[in-house]
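Below is one structure; the comments refer to it alone.
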Amino acid sequence: MPTITLPPKENALFKRILRCYEHKQYRNGLKFCKQILSNPKFAEHGETLAMKGLTLNCLGKKEDAYDLVRRGLRNDLKSHVCWHVYGLLQRSDKKYDEAIKCYRNALKWDKDNLQILRDLSLLQIQMRDLEGYRETRYQLLQLRPAQRASWIGYAIAYHLLEDYEMAAKIIEEFRKTQQTSPDKVDYEYSELLLYQNQVLREAGLNKEALEHLSNYEKQICDKLAVEETRGELLLRLERMEEATKVYRHLQERNPENWCYYHGLEKSLKAETVDEKRKIYEEAWEQYPKGLVPRRLPLNFLSGVKFRECLDRYLRLNFSKGCPPVFTTLKSLYHDKEKVAIIEELVVGYETSLKGCRMFNQNDGGKEEPPTTLLWVQYFLAQHYNMVGQQTLALEYINAAIESTPTLIELFVIKAKIYKHAGNIKEAAQWMDEAQALDTADRFINSKCAKYMLKAGLVKEAEEMCSKFTREGASAVENLNEMQCMWFQTECALAYKGMNKYGDALKKCHEIERHFVEITDDQFDFHTYCMRKMTLRSYVDLLKLEDLLRQHPFYYKAARTAIQIYLGLHDNPLTDDSKEMQADTANLSDKELKKLRNKQRRAQKKAQLEEEKKTAEKEKQLKNQKKKKEDDDEEIGGPKEELIPDKLAKVENPLEEAVKFLTPLKHLVRDKIDTHLLAFEIYFRKEKYLLMLQSVKRAVAIDRDNPWLHQCLVRFFKGVSESTDLPVAVRTVLKQEITRLFGDSNASSFNQEYLSKHSRSIPHRVAAAKMMVYMDSSTETKAMELATSIDESLVNRTIVICTDVLESLGNGVLGDCKERAEAYRAACHKLYPYTLAFMPPGYEESAKMANGDTSMETEELTNEM
Amino acid sequence: MNIRNARVSLLSSGHCNLLCLPENYQNEILLLPWIILAQVTPYIAEDENGKIVGYVLAKMEEDPDDVPHGHITSLAVKRSHRRLGLAQKLMDQASRAMIENFNAKYVSLHVRKSNRAALHLYSNTLKFQISEIEPKYYADGEDAYAMKRDLAHMADEVTFSDLCQSDPPRDQEIERDSGGESKELSEVSEATESTDVKDSSSDSQ
């Protein structure tokens, strides 16, 4: 209870303040506050001061708000209102832990206050304090046993705590109170029933769940959910005949759902390939339009049967003119035998179609339209691209383009081939060509922008995107607002490639913030879902939110950020000139001049851009001001602006890296890179036990991974050379190292690894790098090891060769110009399209021949 | 491609949206409310890796003066997966669900006048008919065609296939408990559990 009680007149005013707050009439609210506070007797009235603060917070005056609310609280420490208000203020600032403490204090003074209990329960579920949530929901149920939300909230608490039986019981108690007609369908009741069934299934009560489903199916809206659930339950209960019927029915309803076929496989106990094939052949006859019954068997068939089935599948799709047919087969390419059959068949089609316009002259097929040959060539281009034969791939795609020069898909593939061949610049140009054929297609537009970013053409990419972003705002701003994360990820990588670490980090942090926002947005659903009874979705949503940062977007952003922070730790930026110098050190005069020119141009452009930006910002500011004046909107605290320069000159890059790493360590444990990135951080922090943890986890995933090998050697060497470790740590490390490495030393460990994987290039390179790392006098031998690329070796890729070439220049494998040049020339022979292996001066001559390509794109973008 | 009903699939589907459509929405403003609000759950087409390559979002229109009908909010298939017939299959699944679950009589949608590819799909493949032109429907001032597809024919098929279903009829022992206060209950809870921050003192003063 408040310590000072207001007289009736002021009390009435105070109630009006509360009402104004509820109705977002903040200015009026302030007026009433003033009326109370201007009376000297109540100038220090705690609750009024607090409410004034809360109201001001809604008007964006955060500092004043905190001052007032704290002052109010100090004046009236025993008021639940003051504590509640302080909690709300903290909550609006996303300080949920603090807010929970405040609510708890408020409840000390008014333990049955419903609103505070509800607010507390929301924060608890948001923070996943499940035990706390259950307690609070229990209190709410006791206080308001007649309310639906009380029951549902209590049940959800048990469900999330994985006490399924209790959850099911609570729902059943509540369900009994619901009066419904057995024939009329009520959507919310239907959702309740489905939720109850889900809980029963999760409890493993399959029999009960099936009974439940049969009893109430008439009252459930979602007929599909009923059937799917029934199928699943019958399978679990091994009632196979009934399950077969259900899955047949489902299959008829949607012949394109994989699960139904897998259900049938199980219910019919189809174990052999032939038994399985029968299921699909029947389906093929029954649903001639179905794609799945024709495609799925290709996964498990092999040899002659595979060939037969594939032949039918391909002919049908080529005749029909179905461009994605290659895409639908891509997942078969891990199987070499299948790849060979695909190649033999389709190459055969091509020869035959060219000769006699038939798939095969001898099997009495009919004559195909000319487009069939086109799609066959289109397929072959993708096939050869996939198996790494880019020259052949280009031949096929060029033949196709010659016959049909206006088909966008062909140019997309041509671009893709160049990308895989290691020439992203050429690739971007072809994607631009594709894009120009249909500027109204957003998919192509986005693809083109993506390729431009990969080619380091950030400005051009932004302009490309701006064709589809809102007018009046900058494309980059708009894409950030829209949480367009593919764009931001690619941007980050592009900036990283240009050594613009600050800009790259900015993008990574923007992505991180999207994830924070998505987590925060959950808040609204806690109450909403309970009201609308969409409980299945709600519980799924909560589970999904917990795993949010498993998303590849987060992974990519985090990995990029960590790599940059590691680099910044190794080579801190002191001032800009140094960064420039490092960049220009190994350029010839001519290149330098060109670079300077380019920089001048870029500077000019940047300046213009800057002016444009400030103008825009002013406009935006004006708009914002206007918005603030309208002020009926709650304004969250402004976020700290991300400034590239500041980000790149961070005080402690390793700490920042750890922030990005932590979610990965919890959520993406099955990826080896997670643990290797972790190792790289801890290695630099000299945290030996954490290094040990990282390598142990990585070893469990893939012992032979080349990056892991390098971590292991460095770890091994680091431990044996460290002198100032505490005894306990040393003992643990010693034990574990014996377990990991046996009785060898780092050097013989490296040698063993090399002999174990002596035919694999990436493994050889890893061992070579470690030789140099341990003993720089082994350079010559290491270089020889790393630079051999002859046919007898496996795992040769553009990526690993590029890595070797870089290592030859930067000291990781010594520093030897002649050797690097010889290696480059050898790689160029193998990969004639790859930019990284082009002879020196290549770009110059390419430009002489084609006109300045970068200028060309610039003009092009200006025109559009 | 796998076509299935999907209740929760927010981020990857949002990704798909940004790649396909000129009208793009923020990830969560489009999809989070969607899974919660939508009585018609979205249907998606996905590849072997679970990547979404197409989807349809639909809702039931609440118009007391009209027969029950659905509205297609968004339909998209990635360009790289077109001509597999995915759009039609997605649309058919969503329509069927709307007939079965909500007795929908027809389904409507809006399409940009300039979007000839989509227009072709809707009128020729999916048998939609233009019902009217809505001037300046889109934010940039472009007109939209409002289109409708009658579901009567499909509804007949759905009932037919249900009759054909070889499942034996089940005993209908529906357990009922007549708690007299139940109707009142839900009304009360609607009124009191609100998303707004209520003042804390009204209960105690």
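Protein chains get the first letters and strands the later ones, always in sequence-line order, with residue 1 at the start of each.
- Contact annotation for D47(B): only backbone heavy atoms (N, CA, C, O) come within less than 4.5 Å of a heavy atom of chain A.
- Remark: E100(B) engages R253(A) in a salt bridge, criterion side-chain N to carboxylate O under 4.0 Å.
- Taking the side chain as every heavy atom from C-beta outward, N2(B) and Y261(A) never approach each other to under 4.5 Å.
- Between the CZ atom in F443(A) and the NE2 atom in H81(B) there is a gap of 8.5 Å [rounded to 0.5 Å].
- Look at R295(A) and E48(B) and you find a salt bridge, because one of the NZ, NE, NH1 or NH2 atoms lies within 4.0 Å of a carboxylate O, short of that distance.
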With salt bridge (charged side-chain N to carboxylate O under 4.0 Å, His left out) as the test, would you mind laying out the steps for E256(A) and K89(B) before giving the verdict? CA-CA 8 Å; E256(A) 304 294 332; K89(B) 285 165 182 160; 3.3 Å; yes
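- If you tally non-hydrogen atom pairs under 4.5 Å between each of P552(A), S190(A), S331(A) and chain B, the highest count goes to S331(A).
- Among all heavy-atom pairs drawn from D222(A) and N101(B), the shortest one is CA-ND2, 3.6 Å.
- Between the NZ atom in K447(A) and the OG atom in S80(B) there is a gap of 6.5 Å [rounded to 0.5 Å].
- Between the side chain of N257(A) and the backbone N or O of R4(B), no donor-acceptor pair lies under 3.5 Å.
- Within the model, atoms CD1 of I3(B) and SG of C259(A) stand 12.5 Å from one another, a figure rounded to the nearest 0.5 Å.
- The number of heavy atoms from other shown groups lying within 6.0 Å of NZ (K330(A)) does not exceed 12.
- Between I408(A) and R79(B), some side-chain heavy-atom pair lies under the 4.5 Å cut-off.
- Note: C322(A) SG to R82(B) CZ = 13.5 Å, rounded to the nearest 0.5 Å.
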